[in-house]
> 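Shown below is the structure under consideration.
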Amino acid sequence: MLRVLAVDDEKPLLEELLYLLRSDPRVRSAEGASDATEALRRVTRALESGPDGADAIDVVFLDIHMAGLTGLDIARLLAGFARPPLIVFVTAHEGFAVQAFDLKAVDYVLKPVRPERLAEAVRRACEQLGRSEESPAGVVSADAPMVGGPAVPAPRHPVAEVPVADRASDQIAVELGGVTRFVAIADIAYVEAQGDYARLHTDEGSHLVRIPVSTLEERWAARGFVRIHRRHLVALARIDELRLEAGTTSVRVGTAELQVSRRHARELRDLLMRQATG
């Protein structure tokens, strides 16, 4: 069972998070810290007591925006220890997910925190620690098969938005601020790789999803999405211009100009020619 420290400088949010954590049967203990100084003091004491000590901490659930040191600062400091606790970021801000990934966080949970989403973060922490506690009743693992589509194994890294599965063949589910919405695949102009995640770009904005670009490339090939670079997957129909300058190839998709790698340039030109003459 997990020994947990929750860190948030907003007392009502900290109390809510602690209540949810203490309600999870996989959590042995959950204590709170209201600022970075207190959090670091408790973690230092835990490390000094050892993994089997009375003050040991397995996982830190960490807010990002706090007075003084931020949650990212705390995570960087903890990374310097020989055996740091696992980190789960709990934040209202989507934009730090990639930094969280770089800091090897287990998960990235958006506020307002939903019980089932927090339970999934606990499951991932248990799994990374090599523990086999089952999820509470009613909580579906991210690795469980989704009705109407294949199972997608969850990467062992944080994500701002989950789950990632097609509700129907023409939509993909994303999560923002605890609310799940469905984005039409036809509205996606291009996809940008960000580590083990992908950012879906539409005319209205972008969405970070927990799925590699290579998987989307395979799924959406029949929908006219083509790989133009290791970082980009583009909807062929959304390409406005193909530019050849000084031996380099690029495409314009709306206001974005995207580089085309040499290995993909010839194939892309052929596809665009067939589309223009077809």
Side-chain angles (χ1 to χ4, degrees), residues 92-98 101 107-112 114 116-117 120 140-155 157-242 250-260 264 267-268 271-272 274-276 278:
H93 303 277
E94 173 193 356
F96 298 100
V98 175
F101 169 80
D107 209 343
Y108 191 96
V109 179
L110 285 174
K111 297 177 181 178
R114 293 179 292 119
E116 62 271 24
R117 183 65 185 87
E120 172 60 15
V140 179
S141 164
D143 295 334
M146 304 291 288
V147 176
V152 181
H157 300 294
V159 61
E161 310 180 31
V162 292
V164 181
D166 290 338
R167 178 177 68 170
S169 60
D170 59 348
Q171 294 178 312
I172 186 169
V174 300
E175 184 177 294
L176 180 61
V179 177
T180 300
R181 58 172 298 195
F182 294 89
V183 176
I185 295 173
D187 290 340
I188 299 170
Y190 68 97
V191 181
E192 179 184 4
Q194 294 188 346
D196 284 343
Y197 316 102
R199 185 168 291 278
L200 313 177
H201 291 266
T202 69
D203 294 337
E204 289 72 35
S206 67
H207 307 277
L208 189 67
V209 294
R210 184 190 291 273
I211 190 169
V213 167
S214 57
T215 301
L216 294 178
E217 178 184 9
E218 182 179 344
R219 288 186 182 181
W220 293 353
R223 295 179 174 276
F225 281 81
V226 296
R227 193 72 172 261
I228 65 168
H229 191 274
R230 62 184 177 83
R231 291 196 60 192
H232 292 115
L233 180 69
V234 176
L236 201 63
R238 300 294 293 269
I239 295 177
D240 298 311
E241 290 181 359
L242 175 68
S250 63
V251 294
R252 183 173 64 81
V253 181
T255 60
E257 184 170 349
L258 308 175
Q259 194 75 23
V260 181
H264 293 104
E267 180 184 3
L268 178 62
L271 287 170
L272 289 172
R274 287 202 294 270
Q275 179 178 265

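Small disclaimer: the values here were computed from a predicted structure and weren't measured.
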> What is the distance from atom CZ of R219 to atom CD1 of I172, rounded to the nearest 0.5 Å?
7.0 Å
> In terms of relative ring orientation, are H232 and H229 parallel, tilted or perpendicular, with 30° and 60° separating the classes?
tilted
> Calculate, to the nearest 0.5 Å, the distance between atoms CG and CZ belonging to D170 and R223 respectively.
6.0 Å
> Taking all non-hydrogen atoms of both residues into account, name the closest pair between H201 and S206 and its distance.
ND1-CB, 3.9 Å
> More than 12 foreign heavy atoms under 6.0 Å from CZ of R252: is that the case here?
yes
> Can you tell which of L272, I228, V251 makes a side-chain contact (heavy atoms from CB on, under 4.5 Å) with L236?
L272
> Distance from Y197 atom OH to L208 atom CG, nearest 0.5 Å?
8.0 Å
> Would you mind telling me which of E192, R227, R231 makes a side-chain contact (heavy atoms from CB on, under 4.5 Å) with V213?
R227
> Looking at V260, V253, L268, which one forms a side-chain contact (heavy atoms from CB on, under 4.5 Å) with V234?
V253
> Give, for atom NE2 of H207 and atom OG1 of T202, the distance between the pair rounded to the nearest 0.5 Å.
4.5 Å
> Please check if atom CD in E257 has more than 12 non-hydrogen atoms from other residues, nucleotides or ligands closer than 6.0 Å.
yes
> Could you give the distance from CG (L200) to CG (D187), rounded to the nearest 0.5 Å?
11.0 Å
> Is E94 paired with R199 through a side-chain N to carboxylate O contact shorter than 4.0 Å?
yes
